[in-house]
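Have a look at the structure below, then the notes.
Within every chain, numbering begins at 1; the chains are lettered A, B, ... in the order of the sequence lines, protein sequences first and strands thereafter. Remember, predicted model here, so these are calculated numbers, not experimental data. Computation of the quantities below employed the complete heavy-atom set of this structure, encompassing side-chain atoms and omitting hydrogens, waters and symmetry-equivalent molecules.
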Amino acid sequence: MPLKYDPAQIESKWQDRWAADALYRVHEDPDKPKWYELTMFPYTSGNLHIGHWYAMAPSDVHARFRRMQGYNVLHPMGFDAFGLPAENAAIKNGIHPHIWTMRNVENMRRQLKRIGAVYDWDREVVTSLPDYYKWTQWLFLQLFNAGLAYRNKAPANWCPTCQTTLANEQVLPDGTCERCSTAVTRRDLEQWFFRITKYADELLDFSSIDWPDRINTMQSNWIGRSQGAEISFGIEEYGLETKEIRVFTTRPDTVFGVTFMVLAPEHPLVSQLTTPDKSDEVQSYIEETRRRSEIERLSADKEKTGVFIGAYCTNRLNGEKVPIFIADYALLTYGTGAVMGVPAHDERDFAYARKYDLPIRTVIAPPGWGGEDLVEAYTGPGEMVNSGEFVGLGNEEGKLAVIKSMEEQGIGGGTISYRIRDWLISRQRYWGAPIPMVYCNSCGIVPVPEEDLPVLLPEDAEFRPTGESPLTFHEAFVNTSCPKCEGPARRETDTMDTFMCSSWYFLKYASPNSGDSAFRPEQLKHWLPVDQYTGGAEHAVMHLLYARFFVKALRDIGLLDFDEPFVRLYNQGIIISDRQKMSKSRGNVITPDEYVDTVGADVVRGYLMFIGPWDQGGEWVDQGINGIVRWYNRVWDLVEKSDPQLGKGKSSRQTAHMLHKTVKKVYQDLDRFHFNTALAALMEFTNHLGRAWDEGAVDSETWNESIKALLLMLAPTAPHLAEELWAARGYDYSIHNWPFPTWDETLAAEEEVTLVVQVNGKVRDRVTVSAAITEDEAKEVALSSERIRAFMKNGPRKVVYVPGRLVNIVA
RNA sequence: GCCGAGGUGGCGGAAUUGGCAGACGCGACGGACUUAAAAUCCGUUGGGAGUAAUCCCAUAAGGGUUCGAGCCCCUUCCUCGGCACCA
């Protein structure tokens with residue numbers, strides 16, 4: 001489908017001109033309201049595919065629209081460059097990750113420039129360059145100094161393929177690695193953590209941000225706040241150092257129904273409590289659990305298994321002794337790693353008790369309960385029974401009463417448990433920012449002094465994954481002197497999770513060239529927070545949660561004065577092809593370049609926006625592009641037409657009305673990311689203008705005004721075409737410095753309306769009347785219609801009038 | 001299983017949030033132009049009945065509220081996302 005113009009020539013011409021004139025360079029401007037519109041920066045995988053364009057082109061349209069509305073718009077771009085994929089690809093291709101990454105950056109920058117976006121390239125960031133990661137390290141030190149970074153030995157998620165630890169957020173629900181789908185195992189390792197749990201409650205507060213409910217829900221679920229109680233069960237008689245097993249429960253009201261205790265197989269007390277006769281059985285169960293993959297362990301519908309360890313603990317509320325089991329449905333990582341078994345009121349405990357023939361004691365009466373045995377766990381509300389002094393209380397007040405009583409006796413109390421764990425940031429890989437810490441035999445853990453940053457990633461390290469950080473084998477890197485005592489010391493050899501780099505890049509954009517500081521406070525103050533963030537929903541509990549944590553932490557440290565990084569968030573959908581998600585293995589990946597070569601960036605931009613609602617994604621269908629090509633051709637033809645002869649006033653008024661109606665519609669649709677309907681309105685307007693010209697039904701003033709507005713409205717979507725035609729019409733360069741057209745509400749309103757006349761809700765006639773018609777007049781017109789009378793068997797019982805829309809006669 | 005979003009022509013999707021269902025576009029069919037094709041332009045395009053004006057049916061299925069339901073309520077079915085032994 002040929003275009004009327006040569007996109008390659010026109011687009012590169014204007015891109016060169018815009019670059020030469022620094023048209024999109026951004027400065028703080030006190031005279032204009034600021035607008036920070038950010039798109040998630042791409043990972044340096046090597047090539048932009050159409051999904052990147054789908055994320056970037058519409059957000060550029062929105063940024064351009066904001067510019068035309070008079071905002072001083074910051075819409076930057078950069079590259080997320082550290083991380084495993086780069087390292088793995090580099091290994092595979094026998095190239096150094098730095099070289100591989102920078103080649104990709106170059107190629108992707110070239111591709112990005114072809115979009116024709118308003119990016120200010122002077123602000124570009126590449127997270128793997130020392131200029132950037134120096135400040136990533138510096139920020140690590142600030143968190144460390146604030147007590148928000150700590151080192152701890154803990155069971156960590158280990159990916160055997162990636163040969164590194166993973167944060168909990170990077171392990172998929174099925175227990176596999178987010179990146180390579182390998183089953184994740186556990187390893188006990190000394191690792192660095194960020195204290196994100198300290199912010200759990202604040203992270204649950206979404207009241208000051210305007211984000212999709214879906215994302216807020218996902219974050220809430222991830223944080224997983226549960227209100228409940230911690231209860232102490234006695235094990236004094238075993239003469240151990242520890243005199244109790246603590247459990248977490250959300251149902252302290254059911255504590256009298258405890259008939260057994262379950263410990264996670266990895267629970268530290270297991271080895272001490274297991275009686276000699278049970279030792280073999282317990283050992284083999286623990287080993288079996290360990291062998292089983294996370295995938296099996298996490299499947300909920302699996303039959304419950306466990307073994308009795310021979311020991312008992314005391315329920316201090318009623319003095320009863322209950323047997324202790326280990327079972328893998330108790331998770332070491334949640335609560336206290338111990339569960340009180342209340343089979344009558346918990347489905348899992350019920351299943352377990354059934355299987356191992358343990359007593360089931362009802363302590364919350366179901367409605368109409370007469371003392372009979374339960375056939376399934378009752379988890380609803382009810383009155384407390386079989387519960388000593390608490391009998392007769394409703395279970396909600398019972399919770400409070402039990403907690404109060406336990407607190408008085410010092411055997412437990414109210415508490416809150418979270419699902420979220422601290423963020424593990426150590427990675428045993430090469431391609432990341434080195435953690436700026438030193439281990440000294442006499443001084444212990446010592447931070448690298450700020451003036452010694454960056455701790456450079458040595459270029460000549462062997463970067464094959466071995467399960468230990470490649471930096472471990474680089475003597476020159478590892479051996480250093482202690483910054484405190486100057487004695488011999490070893491550097492931390494792990495690198496940081498790349499999500500650390502992307503947790504603050506939006507701050508760097510706002511403050512490029514900040515010299516000897518990470519950013520300038522006055523620039524952050526001017527631009528931040530980000531007004532509109534756009535990107536994929538796949539980052540809901542990783543990047544988006546980490547970035548929020550980071551901002552809150554830096555605020556508390558005193559580096560910032562706002563609470564949330566991204567005021568508004570919008571998730572675009574996913575582009576598929578051949579009815580499937582694009583992937584290399586399926587061979588259905590759409591590369592934008594070939595389309596840009598043939599039909600140009602403007603057409604690709606237009607097509608992506610026209611596919612459907614932005615948040616729904618859609619399928620890339622080659623034929624669909626034709627619609628955009630035809631439309632642009634029609635616009636091209638319109639602009640080339642010479643002025644029409646003066647038309648009749650009434651018809652011109654029709655065009656003026658269309659113009660103002662279209663401006664209003666397009667303005668409102670662009671504002672709320674409804675690109676598909678904005679383009680539909682522009683197409684309709686284009687079609688109208690073509691018809692009006694053919695009919696000579698428009699005067700030259702209205703015509704010129706219409707063409708001018710059409711080009712301005714087209715400018716965000718098709719920046720090159722609009723600029724070209726703008727110049728052809730003789731208007732001042734650049735169209736991208738002109739304001740968006742405004743509309744006149746009177747002209748946008750309909751002068752005449754078609755009223756639908758219904759009888760009993762069925763359309764029976766249409767009458768064209770003045771928009772200013774009164775209710776009585778409208779009803780009279782409707783009732784006097786011949787057609788209507790034919791459908792009315794009886795006189796009207798009721799007449800409903802909706803101004804501008806319809807008259808419904810109930811007969 | 002739980003939470004969220006959704007189900008509208010051959011296809012992508014519109015529908016001012018309770019008021020003409022199918023805007024806009026793709027595709028298809030017919031016509032004009034052409035030696036021919038492409039491109040372009042014009043017309044038709046949810047189903048059914050009728051020569052026609054027009055009428056009937058139709059927004060996953062069934063029921064309800066309403067003068068009026070794609071939109072609100074109830075039930076059922078399907079699709080897609082997320083969560084899922086979290087005590």
When syn is taken as a glycosidic angle within 90 degrees of 0, is B:U76 syn or anti?
->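 Anti, since the glycosidic angle lies more than 90° from 0.
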Nucleotide paired to [N] in any strand shown, Watson-Crick or G-U, under 3.5 Å:
{"N": "B:A53", "result": "none"}
{"N": "B:C71", "result": "none"}
{"N": "B:G9", "result": "none"}
{"N": "B:A15", "result": "none"}

May I ask you to evaluate whether [X] reaches the phosphate of [N], defined as a side-chain N or O under 4.0 Å from OP1 or OP2?
{"X": "A:Arg672", "N": "B:U16", "answer": "no"}
{"X": "A:Arg419", "N": "B:A84", "answer": "yes"}
{"X": "A:Asn687", "N": "B:G25", "answer": "yes"}
{"X": "A:Asn221", "N": "B:G82", "answer": "no"}
{"X": "A:Arg764", "N": "B:C67", "answer": "no"}
{"X": "A:Lys355", "N": "B:C85", "answer": "no"}

Side chain of [X]: nearest nucleotide among [options]?
{"X": "A:Ala330", "options": "B:G82, B:C56, B:A87", "value": "B:A87"}
{"X": "A:Asn626", "options": "B:C20, B:C26, B:A87", "value": "B:C26"}
{"X": "A:Lys762", "options": "B:A87, B:C41, B:C56", "value": "B:C56"}
{"X": "A:Arg214", "options": "B:G81, B:G12, B:C20", "value": "B:G81"}
{"X": "A:Thr677", "options": "B:C55, B:C85, B:A15", "value": "B:A15"}

Distance between the [atom1] atoms of [N] and [M], in whole angstroms?
{"N": "B:U59", "M": "B:G64", "atom1": "P", "value": "15 Å"}
{"N": "B:G12", "M": "B:G27", "atom1": "C1'", "value": "11 Å"}
{"N": "B:G13", "M": "B:G9", "atom1": "C1'", "value": "11 Å"}

